Amino acid sequence: MSENVVHLHKHTNPPAEPAAVDAAPTVLTVVPDAPPARPVPLWVRSGRAVRTAVTHERTRSAGRAVVRHSLYTFNGGRIAARRAWDGRTGSRYERMIRAAEAAGNLEAAEEWEERLQRFRAARHHRRMDLLHSPVDAAKGVAVGAGMSVGVLVALGVVMAISTGQVADVVTPLSATIDFIALLIRIVQIVWGPAITIGPFLALLALWSVGRKQHAAPQWALPANVRSGEGEPITPSIVVKALRDLGVPALARAIKEMGDAGASMLGPITIAGCGVEVDVTLPSGVSTNEVQSKRRKLAENLTRHEHEVFITIPQAARTVRLWIADSGALDEPIGPSPLVTDETMTADYKKGKAPWGQDLRGDAAALSLYQRHLLITGLSNQGKTVALRSLALWLSLDKSVQFLMGDLKGVGDWAMFDGLATTLIQGPTDEHVIQVTEMVEGAVDEMNRRIQAPPGTVFPPLIVLVDEAQVAFMCPAKDEDKRPYGGSKANSRYFMAVRKIHNQGRAVNVLMWQGTQDPTNENLPKLVREGAHTRASLALGTESQARMALGDKAVDGGAAPNLLRPGLDRGTLVVASDGITIPAGQSSITVRTHYIDDDAATAITDRAKAMRDGVTTLHTIKHKEEHDPLADIAAVIGDATRVRTKDVLARLATRNPDAYGEWSFIDLKRVLDDAGAEPYKSDGVMVVSRDRVARALTNRDTDGSTSAE
């Protein structure tokens, strides 16, 4: 018998009518479809929903709010209990004693101990009074009640006499009794609700105390409170910042002091766009431990690193903190008085250049009188503008002369054309040679002034070289193989600068230099240390800061390496006795005024109008070559010997430019070097023809030359 096979897929219904009786039996088989996706279990969907709900920002905010307000109430109770305990006991005095002892202030400790003894004596007196107070109170109540009843009866008698009614005698007493009954009734009515509401009011008071003190973890506080941006600086904030600084000895000392850690602090005073406070560190904590953690201290004070400055005053174990208002240092300081005051003039000797403002917001002015100057910093931080602003002010003193070399050569000093005696602009080796010869010419002028009669007054001569590192790094050499750059004894630029540093100040020949990124190669040590005024913009490392300002300034807190390149453009750290520096500090931070090219040109135009007219040289004219020894032989002629006085006169006539200012010292120097020393004959100094001729012969044989 054949079988009819019907394949039914899962989820399909079988035929509605069965087959005929005599038909072959039908076998039903079920062929399943592809398995459908398994449904997600309910517990998984519930878990995801719970996780989403838990991690949602609203849930987090609600959770933080619950924790915050709960802890406000709890910690508010702790604060209230602490205050009550302090008020009833001498714990406050004991904390102050421990704080004074930890700070090493024994006088303060003794004073607080005396206060504690007075407090204990007064408390003992009050407790003894309480032993007698019940009897005294009972006697007082009895006497008072008797007197009150007597007064009321007397008042009733007066009323009875006035009205003629005997019953009025008790009217005042009856009214008083009724009034007391009314008060009792009011208390009975109010007492129940007061008992019910009282605990809630107490909790509300504790919550308010905790809320004002922000008595909750930082993560639970509102965002505006948690950030603390711009938060006012208070003693408790400073103490907490110091406690959390990561200095174990400091943290332990503050913990022993308790809330009296503020005893370390001096008065918090407003200082410009911030506040200033002196912190006397406890024994065992050094000032450099705090200085080295400037960034962490700033963050603990809710400030950026550049908004906190740490300096060392004269007092031992003391650091001075200057804390800026949040964002205040990013605001401009305003235009220079040189720009706003068109009538301003300068006084080289007695005046001070308006350079900018210090961190307190006070005007920062710099004296330039007989002070060599060095300004350094990273590129594009405002070095040229800061240096130029000083020269602009000094240009308003018509007695000042300028020799200028700009080894950048992009026109930053072009406005001094017609004002400076020499202005060389360019970055090449040829420009370095020209600048070197300009500085050497200043050395000659310095020597001429030194040889002048005592008491001679000379006009100020400012020798200014911007981008001086180009000169120090120059590889060029002269005909005698002497390098123009470098820091050796035969380096022409280096030695010329050193000579001016050594003797120029006394005759008002001053060296000003601006240089980038100081290193021992591009700014030799002897040149750095020869400057009386040293200023630095932002630098990369502490070692560079020491090169720029010296070890003393850096050890005292100067940190140009912590200035922000780009953001703190124009901000200088200055070490100089020519600027007012707070007592006990070795440097001061100055935010300089920005004077753009147009404003600088306007200032130099005013300076030019004050002068008769200056012809500016853009190259150094080389002197005509001459041979002093040969010229001496020529002016002697056929004479056996000639007086030195006559030799000088003949040399001046022969070449006025070369010998017009020669003295006996110059003549003797040339003759001594050649081995033809002048000698006395008949009581006067003379020069021998034979000695000079012999010296010329020996020199020519040796192949040497004395040409200048």
Side-chain angles (χ1 to χ4, degrees), residues 67-68 71-72 74-83 85-86 91-92 94-103 105 209-271 274-311 317-326:
V67 173
R68 178 170 66 251
L71 290 177
Y72 279 169
F74 176 76
N75 290 327
R78 293 178 55 192
I79 294 171
R82 181 68 174 271
R83 291 174 178 174
W85 179 258
D86 287 344
S91 59
R92 177 185 291 108
E94 293 173 355
R95 286 200 306 273
M96 297 302 289
I97 292 172
R98 290 196 301 271
E101 290 176 346
N105 193 342
V209 171
R211 179 175 175 273
K212 289 181 179 179
Q213 298 293 326
H214 302 305
Q218 284 289 319
W219 60 266
L221 294 176
N224 58 339
V225 177
R226 186 167 60 249
S227 66
E229 191 72 22
E231 186 177 5
I233 299 300
T234 63
S236 61
I237 289 176
V238 176
V239 171
K240 184 178 179 182
L242 293 169
R243 183 196 67 194
D244 298 338
L245 202 55
V247 181
L250 181 59
R252 286 194 301 270
I254 294 176
K255 185 177 181 180
E256 292 177 359
M257 297 178 191
D259 291 342
S263 62
M264 297 189 305
L265 310 183
I268 298 179
T269 58
I270 296 176
V275 297
E276 190 174 71
V277 59
D278 283 356
V279 181
T280 302
L281 301 175
S283 178
V285 182
S286 61
T287 55
N288 62 349
E289 289 181 282
V290 177
Q291 276 187 300
S292 64
K293 294 182 177 292
R294 178 187 176 195
R295 172 175 292 182
K296 190 170 186 178
L297 178 61
E299 292 173 350
N300 290 348
L301 293 167
T302 65
R303 294 295 191 273
H304 297 292
E305 183 179 11
H306 71 278
E307 294 176 330
V308 174
F309 287 81
I310 306 174
T311 54
R317 285 204 339 266
T318 302
V319 293
R320 178 169 295 161
L321 307 181
W322 185 86
I323 307 161
D325 297 336
S326 183

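Please read all numbers here as calculations on a predicted model, not as lab measurements. Values below: all heavy atoms of this structure, side chains included; hydrogens, waters and symmetry mates excluded.
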Atom pair [atom1]/[atom2] of [X] and [Y] - distance to nearest 0.5 Å:
{"X": "Leu301", "Y": "Ile323", "atom1": "CG", "atom2": "CD1", "answer": "4.5 Å"}
{"X": "Arg295", "Y": "His304", "atom1": "CZ", "atom2": "NE2", "answer": "11.5 Å"}
{"X": "Lys293", "Y": "Leu242", "atom1": "NZ", "atom2": "CG", "answer": "12.5 Å"}
{"X": "Ile254", "Y": "Leu281", "atom1": "CD1", "atom2": "CG", "answer": "9.0 Å"}
{"X": "Ile268", "Y": "Thr234", "atom1": "CD1", "atom2": "OG1", "answer": "6.5 Å"}

> Is any side-chain heavy atom of Leu265 less than 4.5 Å from a side-chain heavy atom of Val239?
Replying inline: yes
> So do the side chains of Glu276 and Arg320 get within less than 4.5 Å of each other, counting heavy atoms only?
Replying inline: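 In short, these two side chains touch, coming nearer than 4.5 Å.
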>> Using a 6.0 Å distance limit plus a 45 degree cone around the ring axis, check whether Arg294 lies over the aromatic ring of Phe309.
In response: yes
Indicate the atoms forming the closest heavy-atom contact of [X] with [Y], along with that distance.
{"X": "Glu289", "Y": "Val247", "value": "OE2-CG1, 3.8 Å"}
{"X": "Thr318", "Y": "Thr287", "value": "O-CG2, 3.7 Å"}
{"X": "Ala241", "Y": "Asn300", "value": "O-ND2, 3.1 Å"}
{"X": "Pro282", "Y": "Met264", "value": "CD-SD, 3.7 Å"}

> Among Leu321, Val275, Val277, whose side-chain contact (heavy atoms from CB on, under 4.5 Å) with Ile233 holds?
Replying inline: Val275
> Of Val238, Asp244, Ile237, which meets side-chain contact (heavy atoms from CB on, under 4.5 Å) against Lys240?
Replying inline: Asp244
>> Is it true that, when you exclude Arg78 itself, more than 12 heavy atoms of the residues, nucleotides or ligands shown sit nearer than 6.0 Å to its CZ?
In response: no
